[in-house]
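What you see below is based on every heavy atom in this structure, not just the backbone, and it leaves out hydrogens, waters and symmetry mates.
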Amino acid sequence: MELEDRITVPGAEGLAPHLVLAGLGSRGVAVITDLAIQTVALFVVALLAGLLGDPGVALLAVTAFLLTTGYPILFETFWAGQTPGKALMRISVVAEDGSPVTFLASVVRNLVRLVDALPGVYAVGIVAMLASGRSQRLGDLAAGTLVISRAPARSANLGDDDVLAGLSMAPVLSPEVAGWDVASVTTEEVAAIRTFLLRRGELDPHHRANLAQTLAFQVMHKVAGVPLDGGPEMFLERIVASKVTR
């Protein structure tokens with residue numbers, strides 16, 4: 001059975017990003033994949049340790065600790081919330097507000113994994129995921145984390161044509177013709193701008209104006225050649241149009 005749900009978490013400046021929770025199946029495959037990698041690595045080190053005598057015993061003990069405890073913590077902290085198994089399944093660990101997982105949170109969730117794994121087949125963790133409402137095992141509840149899907153989803157991520165159609169933007173020159181340089185604007189910033197432009201009709205005028213000014217101010221120093229006439233919203237429309245048509 002695949003548990004997969006979409007939740008909305010409070011975002012910066014009133015924008016609410018949508019997160020797709022990773023399913024039980026994809027998380028299970030990720031665990032099995034990581035376990036296979038850890039087992040192979042430990043087997044190779046065990047063969048080497050057998051050739052080293054007493055020093056090999058110490059090497060094997062340290063390696064076993066690092067693989068069982070350090071492996072998930074280091075990968076999740078320094079590889080965008082992913083272990084190799086999670087990367088394979090396009091899922092990752094994040095904080096409950098959608099921000100990157102911290103080292104301390106990863107330590108907590110992985111130490112509590114020892115309880116989640118009981119009685120050897122992750123029964124405790126599965127029950128917790130089914131009962132939590134946000135597919136969180138005990139480790140996630142203790143650490144304040146979620147496991148989300150990074151796989152492209154048409155319903156969650158609008159394509160370029162959908163974005164342009166939904167913005168009702170004023171005609172803009174081709175970036176190549178206008179000579180605009182928006183290469184420094186990140187994917188995350190463009191996503192935030194798109195979200196605002198598509199939802200601006202739902203906002204009250206005061207909030208809408210403040211959000212437009214905030215977003216424009218955040219990227220203004222990163223662009224060159226994009227005219228500022230027409231106000232913050234026109235500026236943001238031009239940024240999106242430029243990124244889409246490149």
Side-chain angles (χ1 to χ4, degrees), residues 3-23 80-81 90-101 132-136 144-175 178 180-246:
L3 289 177
E4 189 164 286
D5 200 3
R6 191 181 307 279
I7 63 172
T8 301
V9 298
E13 299 298 335
L15 295 179
H18 299 284
L19 300 179
V20 178
L21 297 175
R90 293 185 175 183
I91 62 178
S92 63
V93 182
V94 297
E96 289 182 316
D97 62 358
S99 61
V101 64
S132 70
R134 304 179 83 182
S135 203
Q136 293 171 291
T145 55
L146 300 169
V147 181
I148 63 171
S149 174
R150 295 293 190 185
R154 182 65 176 175
S155 59
N157 301 292
L158 296 176
D160 293 340
D161 292 339
D162 296 321
V163 170
L164 289 176
L167 296 184
S168 300
M169 297 189 302
V172 293
L173 291 175
S174 164
W180 302 345
D181 182 4
V182 296
S184 296
V185 181
T186 66
T187 301
E188 291 76 14
E189 289 168 335
V190 173
I193 293 171
R194 287 176 170 179
T195 301
F196 164 72
L197 292 176
L198 289 170
R199 293 186 53 202
R200 55 185 166 177
E202 305 171 11
L203 304 174
D204 64 83
H206 178 72
H207 195 193
R208 173 173 171 170
N210 284 342
L211 280 174
Q213 291 176 358
T214 299
L215 290 170
F217 181 77
Q218 287 176 350
V219 300
M220 192 176 298
H221 67 286
K222 293 187 174 185
V223 303
V226 180
L228 301 179
D229 60 288
E233 290 191 26
M234 177 67 75
F235 172 74
L236 296 173
E237 291 174 359
R238 286 165 171 158
I239 296 296
V240 171
S242 180
K243 297 295 282 191
V244 167
T245 54
R246 281 193 180 277

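Across all non-hydrogen atoms, the minimal contact from Ile91 to Ser149 is CG2-CA, 4.2 Å. The two residues Ser92 and Ala80 make their nearest non-hydrogen contact at CB-O, 3.6 Å.
Every residue two or more places apart in sequence or in another chain was checked for a side chain to side chain contact (heavy atoms under 4.5 Å, CB included) with Ala209, and none qualifies.
The structure places OG1 of Thr195 at 9.5 Å from CG of Leu215, a figure rounded to the nearest 0.5 Å. For the atom pair Gln218 CD and Leu236 CG, the distance stands at 10.0 Å (nearest 0.5 Å). A distance of 12.0 Å separates CD1 in Ile193 from CD in Glu233, rounded to the nearest 0.5 Å.
Inter-residue side-chain proximity for Glu237 and Val240 is flagged as unmet; no heavy-atom pair is nearer than 4.5 Å. The shortest side-chain heavy-atom distance between Lys222 and Val182 does not fall under the 4.5 Å cut-off. Counting heavy atoms from C-beta on, the side chains of Val94 and Val101 never come closer than 4.5 Å.
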What's the verdict on side-chain contact (heavy atoms from CB on, under 4.5 Å) for Gln136 and Leu146, showing C-alpha distance, side-chain angles and the deciding distance?
CA-CA 6 Å; Gln136 293 171 291; Leu146 300 169; 3.6 Å; yes

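Each of Arg194, Arg199, Arg200 was checked for a side chain to side chain contact (heavy atoms under 4.5 Å, CB included) with Phe196, and the lone residue meeting it is Arg200.
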